[in-house]
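Everything below concerns the one structure shown next.
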Amino acid sequence: MDMTRIHFNEKSRTFHLWNDQISYIMKVAKSGHLAQLYFGRRVREREDYDHLLEARRRSVAVTAMDEDPDLSLEHIRQEYPVYGTGDMRMPALAVCLPDGSGLLDLKYKDHRIEKGKKKPEGLPATYVERDEEACTLIVRLADDLAGIEVELHYTIFADVPAIARHAVISCAAGRARVDQAMSLSLDLPDMDFDMVELTGAWSRERHVKTRPLQEGVQGIYSLRGCSGHNFNPFLALKRKNCDEYQGEIYGFSLIYSGNFMARADVDAYHTTRVMLGIHPQNFSWELEAGASFTTPEAVMVYSDQGQNGMSQAYHRLYGLRLARGKYRDRVRPILVNNWEATYFDFDEEKLLALAREGKELGIELFVLDDGWFRNRNDDRGGLGDWEIDHKKLPGGLKGFGEKLDKLGLSFGLWIEPEMVNAGTKLFEEHPEWVLHQPGRRASQGRHQYVLDYSCPDVVEYIYDKLTAALDGSRVSYIKWDMNRSMSEAFSCTTGSEGQGSVMHRYILGVYRLYEKLIRRYPDILFESCASGGGRFDPGMLYYAPQCWTSDDTDAAERIKIQYGTSFVYPISSMGAHVSAVPNHQMNRITPLSTRGNVACFGAFGYELNLNRLTDEEKEAVKEQIRFVKTYRKVLQFGAFYRLKSPFEGNEAIWMTVSEDRKLALVGYYRMLQEINAPYRRVRLAGLDPDCLYHVSGLEIDCYGDELMNAGLIASDSSCGEVGDGDGDFVSRIYILEAVEQTGGAK
Ligand code: DGJ
């Protein structure tokens with residue numbers, strides 16, 4: 001049965017987009033403006049929903065509209081607001097017209113409804129594999145005087161409570177400069193929400209922050225040229241009673257990797273305007289007659305199943321219909337990365353010793369990180385030329401790849417293609433390819449400069465360099481790193497009118513290079529990275545199905561980072577490695593078991609000198625690898641539930657459940673040991689209530705309904721037995737396996 005519909009009622013001029021979970025309703029007002037009426041849980045279809053318009057005359061309202069004298073744009077909820085006709089709130093679109101005017105008034109022209117979903121050119125976006133998976137509505141609005149047209153695209157998916165949106169701005173006649181074009185603007189009728197965002201900094205990315213909405217502006221943004229460590233292009237608005245398990249929540253996520261703005265503005269009447277899109281600072285786009293500008297795509301999710309419901313919708317959509325390629329649905333190879341094992345100090349023999357040990361322990365992929373190319377013995381040189389260092393790798397990448405192949409390991413390689421160091425041939429020969437303004441200081445970050453990816457010649461040059469190194473090399477995995485923010489974002493290769501578009505065109509250049517490499521090497525698994533998790537965003541996921549989650553490999557810190565990341569991003573997308581102790585970032589010592597128990601909820605690997613492990617540790621690592629190989633399908637692709645937040649106490653708990661609900665794994669983590677602690681029960685989620693599960697470590701089997709309602713008894717020796725605790729940073733994985741599936745509860 002087709003559960004997705006877009007219906008237009010000719011008489012009331014109302015659009016209703018729905019699937020079995022959500023409804024989204026808009027209306028063309030008498031005045032021709034497109035008004036937002038409802039977004040939320042599915043409601044029944046009816047002729048009109050005009051009562052939801054709430055257009056009431058208010059004192060001091062600007063209502064000089066002949067078509068509808070009662071309608072004040074400041075007092076209705078709109079779909080794509082502009083400045084200049086009475087709405088005094090922040091607009092979604094701002095333009096500058098040839099006469100200097102920035103006034104706009106967009107009115108409905110026409111619309112079309114299409115099966116499936118078309119892909120915007122050159123931009124990452126969600127997609128469908130069959131037309132029945134989604135329907136798309138395209139509403140055309142126009143300002144005839146300005147010659148500006150806007151197409152609003154809405155795709156509703158059949159089995160995810162999500163709507164993907166973007167806008168296409170075009171100039172029908174004359175010229176115009178687009179100064180701001182949001183991907184999404186949504187007016188919600190009240191402000192009774194808490195805003196959730198993912199925030200942090202290098203090595204503590206995507207911590208969950210929640211704050212009540214207030215009148216005025218609250219928002220997050222990036223002006224770094226990448227999505228950044230500090231904020232993620234995502235925000236959610238949740239009702240006061242919403243927790244992980246239940247309650248209403250709206251998620252807003254931008255499929256983009258550059259500068260962004262995400263904000264929630266509450267006006268005097270407590271309408272909340274959510275906006276998401278490219279940050280207008282340092283952005284402008286010149287439009288000639290007939291040309292158009294396409295915004296990145298934004299995805300709105302509604303769930304009444306709490307935060308987990310929202311996250312599972314994103315996991316499903318982003319895991320299956322944003323990520324692409326051979327590895328989208330495949331369990332990810334277990335890797336060892338030499339970065340924290342050797343840093344720059346390696347030669348081939350050292351690498352092979354690590355590889356041999358890895359193979360012994362069960363590892364599948366060896367990743368050669370930074371330092372394999374000439375003049376790269378520290379982070380001061382080498383980036384840009386991409387010539388192999390034959391002192392370190394006498395047989396080049398090809399020879400090294402063959403040696404790994406003989407050992408039975410796949411070969412992975414680190415690159416950082418957007419950067420250049422002073423002293424390289426590239427820097428000497430093409431100083432104009434570095435983002436900087438002649439005459440002004442060009443700032444360095446990690447001793448490097450940013451290449452001008454807004455210039456197609458630069459992208460082509462790097463493509464040629466990389467393919468020369470990669471062709472015939474057996475590389476089957478690439479870690480694409482990016483270790484500094486953009487600062488003096490000025491392009492020497494474009495004129496004055498193009499400068500406002502440089503930061504966006506840079507990102508389009510990055511996407512183009514990814515696309516070219518993916519086409520040439522369809523079997524390569526890409527992992528994105530930006531000093532850890534500085535570009536962990538949906539845009540990157542379209543090209544690289546996994547991302548290095550954070551440079552912080554400390555297990556206790558990683559629990560927070562992975563917990564926050566899971567708000568939007570699938571577990572399969574989080575690169576997570578077991579590293580050495582004392583930890584290189586935190587200097588903290590955590591048990592090897594906990595390091596494994598945290599990293600196994602992710603794209604699993606090791607990042608330490610395996611040769612230095614004791615025999616006992618090697619046995620433990622072998623066992624971890626065996627465990628991950630057995631369960632990685634459900635660990636990486638199961639339905640993931642957060643049960644207890646590390647931001648709220650001493651423990652964190654999460655779990656994953658297989659599609660048939662016959663297998664579930666629960667990860668339990670406790671930071672500090674407690675003495676004589678209270679009893680612990682953990683109410684699980686997502687199980688089959690009628691299924692009897694064997695729970696590892698428990699003597700008695702339990703039914704799903706018991707485990708979800710009475711809870712899993714997780715008390716341990718710290719409860720009531722003084723002096724016999726397990727110590728700090730302990731963890732456990734409970735394995736729940738179905739022993740019988742009955743027709744009804746016993
Ligand atoms: C930053 C990354 O996050 C690290 O994992 C490592 O690849 C270094 N760069 C190498 O320079």
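Ligands are counted one by one from 1 in listed order, and the atoms in each one are counted from 1 as well.
The ligand atoms of ligand 1 that sit less than 4.0 angstrom from a heavy atom of Trp548 are 3 (O), 5 (O). When each atom of ligand 1 is checked for a heavy atom of Asp370 under 4.0 Å away, the hits are 10 (C), 11 (O). Near Ser531, with a cut-off below 4.0 Å to any heavy atom, the atoms of ligand 1 are 1 (C), 3 (O). Counting the atoms of ligand 1 from 1 in the order shown, those under 4.0 Å from a heavy atom of Cys529 are 2 (C), 3 (O). Close approach of ligand 1 to Trp414 is summarised as follows: ligand atoms under 4.0 Å from at least one heavy atom of the residue are 7 (O), 10 (C), 11 (O).
By the 6.0 Å and 45° rule, Arg558 stacks over the aromatic ring of Trp548.
Atom 8 (C) of ligand 1 has its nearest heavy-atom neighbour, among Trp202, Phe344, Tyr343, Trp339, in Trp339.
Heavy-atom separations between Glu416 and ligand 1 are all 4.0 Å or longer. Residue contacts with ligand 1 include Lys479, since one or more of its heavy atoms lies under 4.0 Å from the ligand.
Other residues, nucleotides and ligands contribute only 12 or fewer heavy atoms inside 6.0 Å of the CZ atom of Arg316.
The residue His577 has no part lying near ligand 1, judged by heavy-atom distances below 4.0 Å. Heavy atoms of Asn483 found under 4.0 angstrom from ligand 1 belong exclusively to the side chain.
When hydrogens are left out, the protein atom nearest atom 7 (O) of ligand 1 is Asp369 OD1, 2.6 Å; that is the closest non-hydrogen contact. The nearest protein atom to atom 3 (O) of ligand 1, hydrogens excluded, is given as Asp551 OD1, 2.4 Å; this is a heavy-atom distance. Regarding atom 1 (C) of ligand 1, its nearest protein heavy-atom neighbour is Asp481 OD2, 3.1 Å.
Between Glu364 and Arg632, at least one side-chain N (NZ, or NE/NH1/NH2) sits under 4.0 Å from a carboxylate O, which counts as a salt bridge. Ion pairing between Arg520 and Asp471 holds under the 4.0 Å rule for side-chain N and carboxylate O. Using a cut-off of 4.0 Å between Lys/Arg side-chain N and Asp/Glu carboxylate O, Lys516 and Glu460 are scored as salt-bridged.
Considering backbone and side-chain N/O of Gly532, one or more are found under 3.5 Å from N/O of ligand 1.
Between Tyr318 and Tyr314, the distance separating the two ring centers is shorter than 6.0 angstrom. Between Phe411 and Phe366, a ring centre-to-centre spacing not shorter than 6.0 Å is recorded.
Checking Asp369 against Asn337 by side-chain atom types alone, a donor-acceptor pair falls below 3.5 Å.
In this structure, Glu428 and Pro431 approach most closely via the heavy-atom pair O-CD, 3.5 Å.
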